[in-house]
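A quick write-up on the structure given underneath.
In this chain, residues are counted from 1 in sequence order.
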Amino acid sequence: MTTPSASWMREFNEASKLGDEINGMISGKNSLAASGPETQRHLSAIRRKITILRTKLDILQSLLSELPSKQPVTGKEMNQRQDMLKNLSTKVNQMASILNMSSAANRENLLGPDKKTDDIMNKATGLNNHGLVGFQRQIMKEQDQGLEKLEETVISTKHIALAVNEELSLHTKLLDDLDEHVDVTNSRLQMVQRKLAYLNKRTKGGCSSLILLVIAIVILIVVIFQLLKHL
């Protein structure tokens, strides 16, 4: 029958193997692109495993606290296991910090100058908790500066958009005025065309009457001439 102490040690060894697996996945990220769907899936998998490992550590800590009530354990052995948990917890925090800085570097690639993830991970390797915190703050500060530059760009773009919108409004008004003038001119042109048609009709009628009058006069002259001839 497995004792509580042996069971705890087995659980700890599994947690330690998971930590080694996470560390290998972080190192394997160097072979991936700086950004992209595959890289994001890889980072998400690392985050999930880190969350699982931290849960395991919390369970191990709880089991270790209950261990003396289940079987005799010396103070030295308890201290050794506490140190084992502490070291593994420190390792997990370091891996999480490296992962966070890697994600920050990916965002920095979008916001400003390119910063290689590999360089950040190499700089972070070997730093203690205090050093990692300081390095992470530096990355966050650079990221904030990138966000400030992005904000300035957005504001400048907004002003340009407002100016373009004002220019478009002016052109729209000019086009509306031109359309109104075209309508007025078209109406006047149609009125002139109607007057010309009426005048042309009257002119044609007058010409016909004049021709008939001329013919009548010619006939009258011919008749008078004939009468005079017989006289």
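- One finds the OG atom of S16 at 10.5 Å from the CE atom of M9 (value rounded to the nearest 0.5 Å).
- In this structure, the separation between CD1 on I26 and CE on M95 is 5.5 Å, given to the nearest 0.5 Å.
- Partners of E77 under the salt bridge (charged side-chain N to carboxylate O under 4.0 Å, His left out) rule, at least two apart in sequence or in another chain, are R81.
- Residues satisfying the salt bridge (charged side-chain N to carboxylate O under 4.0 Å, His left out) test with K86, not counting sequence neighbours, are none.
- Contacts of S69 classified as side-chain contact (heavy atoms from CB on, under 4.5 Å), with partners at least two apart in sequence or in another chain: E66.
- With sequence neighbours excluded, no residue satisfies side chain to side chain donor-acceptor pair (under 3.5 Å) with R41.
- In this structure R48 satisfies the side-chain contact (heavy atoms from CB on, under 4.5 Å) test together with S44, A45, sequence neighbours excluded.
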Sequence neighbours excluded and cut-off under 3.5 Å, please list the side-chain donor-acceptor pairs for residues 53-61, or say none.
from: R54; atom 1: NH2; to: N93; atom 2: OD1; distance (Å): 3.2
from: T55; atom 1: OG1; to: T51; atom 2: O; distance (Å): 3.0

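- Within the model, atoms CZ of R10 and OG of S5 stand 11.0 Å from one another, a figure rounded to the nearest 0.5 Å.
- Counting only heavy atoms from C-beta outward, the side chains of F12 and L85 approach each other to under 4.5 Å.
- Separating the CE atom in M78 from the CG atom in L64 is a distance of 4.0 Å, to the nearest 0.5 Å.
- Residues that satisfy the side chain to side chain donor-acceptor pair (under 3.5 Å) test with D20, not counting sequence neighbours, are K91.
- Among residues two or more places apart in sequence or in another chain, the side-chain contact (heavy atoms from CB on, under 4.5 Å) test is passed with Q80 by K76.
- The distance from atom CD of Q82 to atom OG of S89, rounded to the nearest 0.5 Å, is 11.0 Å.
- Listed for the N23 side chain is no donor-acceptor partner under 3.5 Å among the backbone atoms of G19.
- For E21, the side chain to side chain donor-acceptor pair (under 3.5 Å) test picks out K49, with sequence neighbours left out.
- For P4, the side-chain contact (heavy atoms from CB on, under 4.5 Å) partners are L67, K70, Q71, not counting sequence neighbours.
- Residue pairs meeting the salt bridge (charged side-chain N to carboxylate O under 4.0 Å, His left out) criterion with at least one member in residues 92-101: none, sequence neighbours excluded.
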